[in-house]
Amino acid sequence: MITIGLTGWSDHPLIQRSTNKKLIEYAGHFPIVELDTSFYAIPKSETIESWIEKTPDIFQFFPKAYGVMTLHKPYHEEFTTMDEAFAAYLDAFQPMLEQKKIKAFLFQFPPYFDCVKKHVNYLRYVKKQMKELPVAVEFRHPSWFSDTNKERTLAFLKDQGWTNVVVDQPQTPNNSVPQVPEVTAPSLSVLRLHGRNYEGWLGENVTDWRAERTLYQYSEDELKAFADLVKQLEVNAEEVCVIFNNNSGGHAAQNAKELQDLLGLDFTGLAPKQLDLF
């Protein structure tokens, strides 16, 4: 099985016509969405219930772990212990878990989360806190996939049951990892596409990172290469989930539709699409 989605359901004018029904309209086009807001704050229970109600039964979410859980900020500003942070996060998402609307939880670690013993141990801690729930990991420090560490990293992810997030991103010096097309959890492989805007990703002369970081439109040849990569991953994974994050310029939806056509996919069970009256 192959699924395709975007990061967030807002700011995709290609597939949306209203300002107050964006999730409903999004769910008429794609079967999954990466939930980015959960990185910035743990959603309220009523908000999560609303998201569930607005999406069809087959629709799933790919929530980012809260920034505290990925060490982007300290836990003690809000919680007594890190255990408490994980408990609050999982409690909030319990309604989605009960209705099987979670594809996996995405742990995207910062560039300073390098391959050292304490961080390997932290990954073990995270896996323990998340129990048997599906978890995907995306690194940003190149040391995880250096010549010395690559095979050990992949073996560790397989042993712990983590999904290795295969990324496409500019190869900047200190905040990128190479594309490693390896399946580490047989149930799910994730391909996350950030675009190839080197200067935007590097960030040295960027004034508004949201407007520049993922400003990139994939070409037809690049999308054909991704289609081949998806088929390669599908050999060893029950499902391949592709997430387009190249949306600083609104290109994600168009590229996702183009890849869907290249792969000959027809997503069924989605929400009714809004009619174009004109």
Side-chain angles (χ1 to χ4, degrees), residues 7-11 23 33-52 61-98 101-144 160 162-163 165 167 169 172 174-177 190 192 194 200-204 206-214 243 245 247-248:
T7 297
W9 54 80
S10 300
D11 304 320
L23 177 55
V33 68
E34 180 183 309
L35 184 59
D36 197 42
T37 56
S38 55
F39 171 79
Y40 300 99
I42 297 176
K44 296 179 180 179
S45 57
E46 55 265 33
T47 302
I48 288 182
E49 292 288 355
S50 173
W51 293 337
I52 293 172
F61 295 82
F62 185 38
K64 265 190 177 181
Y66 183 34
V68 166
M69 298 155 64
T70 50
L71 307 183
H72 283 83
K73 56 182 180 179
Y75 70 82
H76 55 73
E77 294 179 1
E78 302 172 69
F79 306 100
T80 305
T81 65
M82 185 67 87
D83 289 6
E84 186 181 324
F86 275 85
Y89 182 87
L90 291 176
D91 183 64
F93 279 100
Q94 193 58 36
M96 276 190 184
L97 289 167
E98 291 173 356
K101 293 184 75 68
I102 300 286
K103 180 71 68 183
F105 292 96
L106 171 61
F107 283 75
Q108 177 194 299
F109 287 98
Y112 47 83
F113 188 84
D114 55 349
C115 186
V116 294
K117 188 67 175 179
K118 69 174 182 178
H119 290 153
V120 172
N121 287 338
Y122 185 73
L123 289 174
R124 288 193 175 95
Y125 167 79
V126 170
K127 195 67 175 65
K128 183 179 179 181
Q129 292 296 313
M130 299 300 289
K131 303 179 174 65
E132 298 302 316
L133 297 174
V135 287
V137 62
E138 179 174 332
F139 298 116
R140 287 288 167 84
H141 195 283
S143 60
W144 293 94
Q160 292 289 304
W162 286 88
T163 286
V165 176
V167 295
Q169 60 190 201
T172 47
N174 299 312
N175 63 344
S176 294
V177 294
V190 174
R192 200 157 174 255
H194 300 290
W201 198 263
L202 187 65
E204 291 182 350
V206 171
T207 55
D208 182 356
W209 70 269
R210 290 185 182 276
E212 300 179 51
R213 187 175 177 84
T214 60
I243 298 292
N245 188 41
N247 204 50
S248 288

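Remember, predicted model here, so these are calculated numbers, not experimental data.
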Classify the ring geometry of [X] against [Y]: parallel below 30°, tilted from 30° to 60°, perpendicular beyond 60°.
{"X": "Tyr122", "Y": "Phe109", "result": "perpendicular"}
{"X": "Phe139", "Y": "Trp144", "result": "parallel"}
{"X": "Tyr125", "Y": "Phe86", "result": "perpendicular"}

Item to check | Residues Lys103, Val190; criterion side-chain contact (heavy atoms from CB on, under 4.5 Å); working and verdict | outcome: CA-CA 10 Å; Lys103 180 71 68 183; Val190 174; over 6 Å; no

Determine the minimum heavy-atom distance between [X] and [Y], stating which atoms define it.
{"X": "Val165", "Y": "Ala136", "value": "CG2-CB, 3.7 Å"}
{"X": "Pro110", "Y": "Thr70", "value": "CD-O, 3.2 Å"}
{"X": "Phe93", "Y": "Ser38", "value": "CZ-CB, 3.9 Å"}
{"X": "Ala92", "Y": "Ile48", "value": "O-CD1, 3.0 Å"}
{"X": "His141", "Y": "Val177", "value": "O-CG1, 3.4 Å"}
{"X": "Arg192", "Y": "Arg140", "value": "NH1-NH2, 3.9 Å"}

Distance check, rounded to the nearest 0.5 Å: [X] atom [atom1] versus [Y] atom [atom2]?
{"X": "Trp162", "Y": "Met130", "atom1": "CH2", "atom2": "CE", "answer": "7.5 Å"}
{"X": "Phe61", "Y": "Trp9", "atom1": "CZ", "atom2": "CH2", "answer": "5.5 Å"}
{"X": "Ile42", "Y": "Thr47", "atom1": "CD1", "atom2": "OG1", "answer": "12.5 Å"}
{"X": "Phe113", "Y": "Glu138", "atom1": "CZ", "atom2": "CD", "answer": "13.0 Å"}
{"X": "Thr7", "Y": "His194", "atom1": "OG1", "atom2": "NE2", "answer": "7.5 Å"}
{"X": "Glu49", "Y": "Ser45", "atom1": "CD", "atom2": "OG", "answer": "7.0 Å"}

Is there a side-chain contact between [X] and [Y] in this structure, where contact means two heavy atoms from C-beta onward sitting under 4.5 Å apart?
{"X": "Gln129", "Y": "Met69", "answer": "no"}
{"X": "Pro63", "Y": "Ile102", "answer": "yes"}
{"X": "Val68", "Y": "Met82", "answer": "yes"}
{"X": "Gln160", "Y": "Leu123", "answer": "no"}

Checklist entry - Lys118 and side chain to side chain contact (heavy atoms under 4.5 Å, CB included): which partner among Asn121, Asp114, Val116? => result Val116

Item to check | Main-chain N/O of Cys115 paired to Ser143 side chain as donor or acceptor, under 3.5 Å | outcome: yes

Next on the checklist: Determine whether the aromatic ring centres of residues Phe105 and Tyr89 are separated by less than 6.0 angstrom.
Outcome noted: yes

Is it the case that atom [atom1] in [X] sees more than 12 heavy atoms from other parts of the structure closer than 6.0 Å?
{"X": "Asn174", "atom1": "CG", "value": "no"}
{"X": "Glu132", "atom1": "CD", "value": "no"}
{"X": "Lys128", "atom1": "NZ", "value": "no"}

Next on the checklist: Determine whether Trp51 and Lys101 satisfy the following criterion, side-chain contact (heavy atoms from CB on, under 4.5 Å), listing intermediate values before the conclusion.
Outcome noted: CA-CA 10 Å; Trp51 293 337; Lys101 293 184 75 68; over 6 Å; no

Next on the checklist: For a side-chain contact (heavy atoms from CB on, under 4.5 Å) check, start with the C-alpha distance between His72 and Tyr40, then their side-chain angles and the critical distance, and finish with the verdict.
Outcome noted: CA-CA 10 Å; His72 283 83; Tyr40 300 99; over 6 Å; no

Item to check | Residue pair Val137, Val126: steps toward the side-chain contact (heavy atoms from CB on, under 4.5 Å) verdict | outcome: CA-CA 11 Å; Val137 62; Val126 170; over 6 Å; no

